[in-house]
Amino acid sequence: MHSIQDVKNDQSLLLSVQHLHIENERKEVLVNNLNFDLHVGETVAIVGESGSGKSISGLALLGLLPENLTVTGQALYDEQNLLSLNQNAQLAIRGKKIAMIFQEPMTALNPLHKVERIIGETLLLDGMSKEKVRKRVYDLLCDVGMDEPEDKLNRYPHELSGGQRQRVLIASVLAQKPEIIIADEPTTALDVTLQSQVLNLLQLLILNHKMAMILVSHDLNLVRKYANQVIVMNQGQVEEKGTVRNIFQNPKASYTQYLLDHDFGEANALPHKRNLVLSLHRVGV
Ligand SMILES: Nc1ncnc2c1ncn2[C@@H]1O[C@H](COP(=O)(O)OP(=O)(O)OP(=O)(O)O)[C@@H](O)[C@H]1O
Ligand SMILES: [Mg+2]
């Protein structure tokens, strides 16, 4: 259990979530006693089946849950408890220090704006000149590995492929230079090759920019490849947590074993679909 002072003293500790608890208005527990630390350069994955409480855990950190849900516990970040911030303090952190990447970029991108404006809007609002913003947006598009970035500046989201849209979304998140990215199923809408490209990119950015990531995913192959720590959730309860190696090689909870037996993910998709019946163990987990 860390105090605010601990988080202040440990330069590498970005976020410490302690006893995160979420209930609905009927007092049903949706997340029970979630605890984890997030260090610079690290990816913590939250896995579990649909409805297990993965997304609401991420949303709670940003104060994005509706009022009918009650959140208690601590999420220590930058000498504050994210779970008890007032709205202004939340706005200073949301998107700027801690940003979220959602599954479907089309719904997250304004369809009426061109890429340059989508990525550069917050920079313009911060008072950066138009020329500087254009240069910065161009650099961000290069950072996220966009082909022909110059040409993409003037495109609308619908004129881009799914992978390109996801890159625009990531660039717009990076424009704010956040320290923590919460990526909620960031690649589910993408094909297998693009999934790996986007996750590789995020991992590289995290290491290069001293950031950290909370990766919400049901794809265990992706998690195995990109996370350091794994939290396994089941109906709001934490079944198990540990390093990727421990969770995959030596799962303690029967639920984790169940997930390993039933989820093949697609990150390492095999050429023929029928081969997917190979168990995770046989693909090298
Ligand atoms: N706004 C809300 N109001 C009431 N209950 C909610 C709300 N959002 C989520 N829940 C409930 O909280 C539980 C966890 O939901 P959550 O969205 O975190 O699941 P998840 O693990 O992200 O699932 P999925 O993999 O399907 O995205 C579910 O029982 C869900 O019905
Ligand atoms: Mg979810």
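Not measured: the values here are computed from a predicted model. Just so you know, ligand 1 is whichever comes first in the structure, and atom 1 is the first atom listed for that ligand. Just so you know, residue 1 is the first one in the sequence shown, and it goes up from there.
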field: Metal check, the Mg ion (ligand 2) vs Ser50 N/O/S, cut-off below 2.8 Å
entry: no
Side chains of [X] and [Y]: is there a donor and an acceptor less than 3.5 Å apart?
{"X": "Tyr77", "Y": "Glu179", "value": "yes"}
{"X": "Tyr258", "Y": "Asn234", "value": "no"}
{"X": "Glu49", "Y": "Tyr255", "value": "yes"}
{"X": "Gln257", "Y": "Asp261", "value": "yes"}
{"X": "Glu42", "Y": "Asn228", "value": "no"}
{"X": "Gln235", "Y": "Ser52", "value": "no"}

message: Heavy atoms only, cut-off 4.0 Å: how does Leu69 contact ligand 1, side chain, backbone, both, or neither?
response: side chain
task: Indicate, as side chain, backbone, both or neither, the part of Val31 found under 4.0 angstrom from ligand 1 when only non-hydrogen atoms are considered.
output: neither
Among all protein heavy atoms in this structure, tell me which lies nearest to [atom], with the distance rounded to 0.1 Å.
{"atom": "atom 27 (O) of ligand 1", "result": "Ser55 OG, 3.9 Å"}
{"atom": "atom 26 (O) of ligand 1", "result": "Ser50 OG, 2.5 Å"}
{"atom": "atom 25 (O) of ligand 1", "result": "Lys54 NZ, 2.7 Å"}
{"atom": "atom 11 (C) of ligand 1", "result": "Leu30 CD1, 3.9 Å"}
{"atom": "atom 28 (C) of ligand 1", "result": "Gly51 O, 3.9 Å"}
{"atom": "atom 3 (N) of ligand 1", "result": "Asn68 ND2, 3.4 Å"}

query: Got a sec: does the CD of Glu28 have more than 12 other heavy atoms crowding it under 6.0 Å?
result: yes
- prompt: Has Gln203 got more than 12 heavy atoms of other residues, nucleotides or ligands less than 6.0 Å from its CD?
  reply: yes
query: Taking only heavy atoms of Pro66, which atoms of ligand 1 are found under 4.0 Å from at least one of them?
result: 1 (N)
field: Atom indices of ligand 1 within 4.0 angstrom of Ile56 heavy atoms, with elements
entry: 8 (N), 9 (C), 12 (O), 14 (C), 18 (O)
query: Of the non-hydrogen atoms in Ile119 and Ala175, which two are nearest, and what is the gap between them?
result: O-CB, 3.7 Å
message: Quick check on Asn24 - does any of its heavy atoms sit under 4.0 Å from an atom of ligand 1?
response: no
message: Between ligand 1 and Ser52, can you find any atom pair, the residue atom being a heavy atom, that is separated by under 4.0 Å?
response: yes
- prompt: Less than 4.0 Å between atom 18 (O) of ligand 1 and some protein heavy atom, yes or no?
  reply: yes
task: Please indicate, with yes or no, if any protein heavy atom is found under 4.0 Å from atom 14 (C) of ligand 1?
output: yes
- line: From the list Asp78, Leu61, Leu76, side chain to side chain contact (heavy atoms under 4.5 Å, CB included) with Leu15 holds only for Leu61
